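Encoded as structure tokens, the structure appears first; notes follow it.
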Amino acid sequence: MRILITGAAGGVGTLLRPRLAREGRVLRLLDVTPVEPGPGEEAVTADITDQDAMVKAMDGVDAVLHLGGHSTEHPWDDILQVNINGTYVVLEAARRAGVRHVVLASSNHAVGFHPRTGEAPDYLFPRPDTFYGVSKVTNEALGSLYHDRYGLAVTCLRIGSCFERPRDTRMLSSWLSPDDCARLVEASIAAEGYHVVWGVSANTRRWWSLEEGRAIGFEPQDDSEVFAAELIAQYGEPDPGTPPHSLLGGSFCGPQLDVDNLTRER
Ligand code: 15L
């Protein structure tokens, strides 16, 4: 089995590489930044918006894990080109190459302006908090289109916060441990149909449903609570009634990401 990972040099890609390695499996690592392949790995340096390069990169691939693109807020033109057009190119390349399974990295920021009230259900209606969040909503829609029209199996992961460990008290709720992330990807590359699944660990303070994840075979094992005492001592007890804790997207909902405050980087 060969899995193509786009954005393989990024944070989540780097955490997943050792965790997705298996006997008899090849990880094809694609990024605009050159990646040094290890045993059981291949490397492709390419831009996800380059259609020819992406079709070529899909050769012999059974599943695509699409992590490529900006992982935070950027000006509209950058988001449009890299995140939205890039995801279209990836899906279209998968279709042309006959790849069956595509896993799309969506984000909690697709629904970031929802207030935090109890446990949010699966398939929470879009309420993006940024242009970045809009690109995740669009990517979920593109995945839906490529599933319904062309029969690709597509799973969109509304990832919370995937880091080695939670970095603040919001992440006590939103943390997806690297090991659980790998478990979620394993379940997703085997799933049939179209799914939108929360990417979150079995955190005691979790805000999001695990039902749809469990329906595709994801069983998270980690709980951020082991980090709670330390983080609360550092940052204080989070107040669910006030920003950044009152909205799902946390600080992404704040005025620092208003359009006038964004600067073009490319
Ligand atoms: C995301 O979607 C970002 O890619 C990541 O950098 C984190 O900020 C995460 O969301 C989060 O909400 O913690």
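All ligand and atom numbering here is 1-based and tracks the order in the structure. This one's a predicted model, so the numbers in the text were calculated from it and none came from an experiment.
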Is a donor from one side chain sitting under 3.5 angstrom from an acceptor on the other, for Asn85 and Thr49? no
Please identify which atoms of ligand 1 are closer than 4.0 Å to at least one heavy atom of Gly160. 9 (C), 10 (O), 11 (C), 12 (O), 13 (O)
Gly249 heavy atom under 4.0 Å from ligand 1: no
Presence of salt bridge, Glu237 and Arg205, under 4.0 angstrom: yes
Hey, does His109 come in under 3.5 Å of ligand 1, counting only N/O atoms on both sides? yes
Element-labelled atoms of ligand 1 that are located less than 4.0 Å from some non-hydrogen atom of Phe252: 8 (O)
Atoms of ligand 1, numbered as shown, that sit under 4.0 Å from any heavy atom of Ser71: 3 (C), 4 (O), 6 (O)
Take every heavy atom of Arg170, measure it against each atom of ligand 1, and state whether any distance is under 4.0 Å. yes
Can you tell me which portion of Ser107 lies within the under-4.0 Å heavy-atom range of ligand 1? Options are side chain, backbone, both, or neither. side chain
Hey, which atoms in ligand 1 end up nearer than 4.0 Å to a heavy atom of Asn108? 10 (O), 11 (C), 12 (O)
Short side-chain donor-acceptor distance under 3.5 Å, Trp175 and Ser161: no
Would you say Ser174 and ligand 1 have an N/O pair spaced under 3.5 Å apart? no
Pick from Ser173, Ala110, Gly199, Ser161: the one approaching atom 13 (O) of ligand 1 most closely through a non-hydrogen atom: Ser161
Establish, for the pair Arg183 and Phe218, whether the NZ or CZ atom is under 6.0 angstrom from the six-membered ring centre and no further than 45 degrees off its axis. no
Donor-acceptor pair between His109 and Thr130 side chains, under 3.5 angstrom: no
State, with a plain yes or no, whether a side-chain heavy atom of Val185 is found less than 4.5 Å away from one of Arg19. no
Could you tell me which non-hydrogen atom of Ile84 sits nearest to which non-hydrogen atom of Trp76, and how far apart they are? CD1-CH2, 4.0 Å
Between the side chains of Asp222 and Ser177, is a donor N or O closer than 3.5 angstrom to an acceptor N or O? yes
Answer with side chain, backbone, both or neither: which part of Ile159 has a heavy atom less than 4.0 angstrom from an atom of ligand 1? neither
